[in-house]
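Okay, so here's the structure we're looking at.
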Amino acid sequence: MSHVPPLAVFDGENLGHGDHVVLSEVHLTFHPGERIALLGASGAGKSTLLSALRQRLGKQAAWCPQHHGLVPELATYHNIYMGRLEQHSGLANLWNLLRPLAAPWQDVATLCQLLGLEGLMKRPVGQLSGGQRQRVAIGRALYQQRSVFLGDEPVASVDPHQAVELLQVIHERHQGCVIALHQHRLALTHFDRVWGLDKGRVVLDAPSSELSLDTLDALYPSAGVATKTAMDIEQAALWPQDSLPCPRGQV
Ligand SMILES: Nc1ncnc2c1ncn2[C@@H]1O[C@H](COP(=O)(O)OP(=O)(O)OP(=O)(O)O)[C@@H](O)[C@H]1O
């Protein structure tokens, strides 16, 4: 048994918004180093749980929100730089807005190269594709340089190859993550553990090595072939489960 204290513990709490309980009697523990896939149908409470985790983890956690929260009028560079706004004085931030400083420009350029955004640093985010915007949002979260990554469907808008690459980058740069996603195959291949939500409860908390696609599909109300997302079907073609791109939960 590890004696390292958990990063966050939910010990039978109700989670929700004001008086509205979304998830009842949540029992979950997030340990350092764990890569957790958070699954559940739309409205199951994934964002609600991530929000509660954010509150627990504070500045330990980088955050990549579902709707990106980017400023469309500002360039890719400035949107990524926003990940560290609070680390600098207001004057430095204002100056950097008008005339980017050399050091952060270089740091952001390195990140952009990693994320396939080279050549787009000066382009307003409003002129990028959905997948490019998603990578900018991931870039902003990576730029925060926190130990843990929390993401609300951060790879929903990119193709299956990019999803795998982005998850690898996220895993390499953090000591743990909780990521909401709908690609069940990725949950099995690139995460250590799966949390599943259904009908206002946590109904699944198990190592990915003990789970099957059928178990994960059952989290959706009308489970069956029709519930497999297009991305899952593409992923299946790319990565047959008996020849995973990496050992389960490893990158
Ligand atoms: N700010 C809010 N105030 C009140 N209720 C909310 C709020 N945000 C979400 N809810 C409700 O909480 C429930 C769970 O929503 P949540 O966004 O956590 O689900 P989700 O699993 O992330 O969904 P999706 O996959 O569609 O993003 C829904 O019934 C939603 O209407």
Side-chain angles (χ1 to χ4, degrees), residues 7-30 34-58 61-70 130-131 133-138 140-141 148-160 162-163 166-167 170 176-188 190-191 193-206 208 211 213 215-235:
L7 291 165
V9 178
F10 297 98
D11 195 11
E13 289 134 82
N14 294 337
L15 305 180
H17 306 273
D19 294 338
H20 177 202
V21 174
V22 174
L23 293 167
S24 304
E25 296 173 37
V26 175
H27 289 274
L28 288 171
T29 303
F30 177 29
E34 276 187 321
R35 293 174 293 200
I36 296 173
L38 176 58
L39 306 185
S42 181
K46 300 181 295 299
S47 304
T48 303
L49 178 53
L50 285 168
S51 167
L53 269 171
R54 275 187 79 202
Q55 282 176 18
R56 302 279 160 104
L57 293 167
W63 171 233
C64 191
Q66 187 172 24
H67 301 295
H68 308 158
L70 302 173
R133 280 199 288 269
Q134 187 143 55
R135 280 178 275 151
V136 173
I138 290 174
R140 186 187 51 195
V148 173
F149 183 97
L150 299 179
D152 201 343
E153 303 184 31
V155 294
S157 310
V158 295
D159 67 52
Q162 285 183 4
L166 289 171
L167 286 177
I170 291 168
C177 64
V178 180
I179 293 180
L181 74 167
H182 290 294
Q183 298 99 313
H184 293 174
R185 192 166 292 270
L186 283 181
L188 295 182
H190 285 72
F191 292 83
R193 197 164 193 87
V194 176
W195 292 347
L197 310 179
D198 189 26
K199 298 184 179 69
R201 301 261 168 188
V202 178
V203 294
L204 184 63
D205 176 15
S208 52
L211 298 169
L213 280 178
T215 311
L216 303 188
D217 290 343
L219 288 168
Y220 285 68
S222 51
V225 174
T227 66
K228 283 192 170 63
T229 63
M231 286 185 90
D232 257 336
I233 291 164
E234 282 180 74
Q235 288 287 344

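Basis for what follows: all heavy atoms, side chains included, without hydrogens, waters or symmetry-related copies. Counting starts at 1 for both ligands and their atoms, in listed order.
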| field | Proximal candidate to atom 17 (O) of ligand 1 [heavy atom criterion; set G18, S47, G40] | value | S47
| remark: Within 4.0 Å of some non-hydrogen atom of T48, the atoms of ligand 1 are 14 (C), 15 (O), 16 (P), 18 (O)
| query | Do L186 and L167 touch side chain to side chain, with heavy atoms closer than 4.5 Å? | reply | yes
| Does the side chain of R135 reach to within under 4.5 Å of the side chain of Q162, using non-hydrogen atoms? | yes
| said: Students should be able to answer this: which protein heavy-atom is nearest to atom 5 (N) of ligand 1, and at what distance? | reply: H20 ND1, 3.4 Å
| said: Can you report which non-hydrogen protein atom sits closest to atom 27 (O) of ligand 1, along with the distance? | reply: Q66 NE2, 2.9 Å
| Nearest-contact summary for atom 4 (C) of ligand 1 - protein heavy atom, Å | H17 CB, 3.5 Å
| said: Geometry only, no angles: is V22 polar-contacting ligand 1 at N/O separations under 3.5 Å? | reply: no
| Does any non-hydrogen side-chain atom of L49 lie less than 4.5 Å from one of L28? | yes
| said: To check your reading of the model: name the closest protein heavy atom to atom 26 (O) of ligand 1, its residue, and the distance in Å. | reply: S42 OG, 2.5 Å
| query | Nearest to atom 28 (C) of ligand 1, what protein heavy atom do you find, and at what distance? | reply | G43 O, 4.0 Å
| Just wondering, do L23 and R201 contact through their side chains at under 4.5 Å, heavy atoms? | no
| Taking C-beta and beyond as the side chain, do V202 and F10 meet within less than 4.5 Å on heavy atoms? | no
| query | Is the shortest distance from atom 14 (C) of ligand 1 to a protein heavy atom below 4.0 Å? | reply | yes
| field | Heavy atom of protein closer than 4.0 angstrom to atom 31 (O) of ligand 1 | value | no
| Per-atom contacts of ligand 1 with A41, taking only distances under 4.0 Å to non-hydrogen atoms | 21 (O)
| said: Holding to side chain to side chain donor-acceptor pair (under 3.5 Å), I want the full list of residues that pass it with E34, two or more places apart in sequence or in another chain. | reply: none
| note | For R193, the salt bridge (charged side-chain N to carboxylate O under 4.0 Å, His left out) test, sequence neighbours excluded, returns D205
| field | Identity and separation of the nearest protein heavy atom to atom 19 (O) of ligand 1 | value | G45 N, 3.2 Å
| task | Would you confirm whether R56, through its side chain, and V9, through its main-chain N or O, come within 3.5 Å as a donor-acceptor pair? | result | yes
| query | Heavy atoms, side chains only, cut-off 4.5 Å: are P65 and D152 in contact? | reply | no
| task | Heavy-atom contacts with K46 under 4.0 Å: which atoms of ligand 1 show up? List them by number with element. | result | 18 (O), 19 (O), 20 (P), 21 (O), 22 (O), 23 (O), 24 (P), 25 (O)
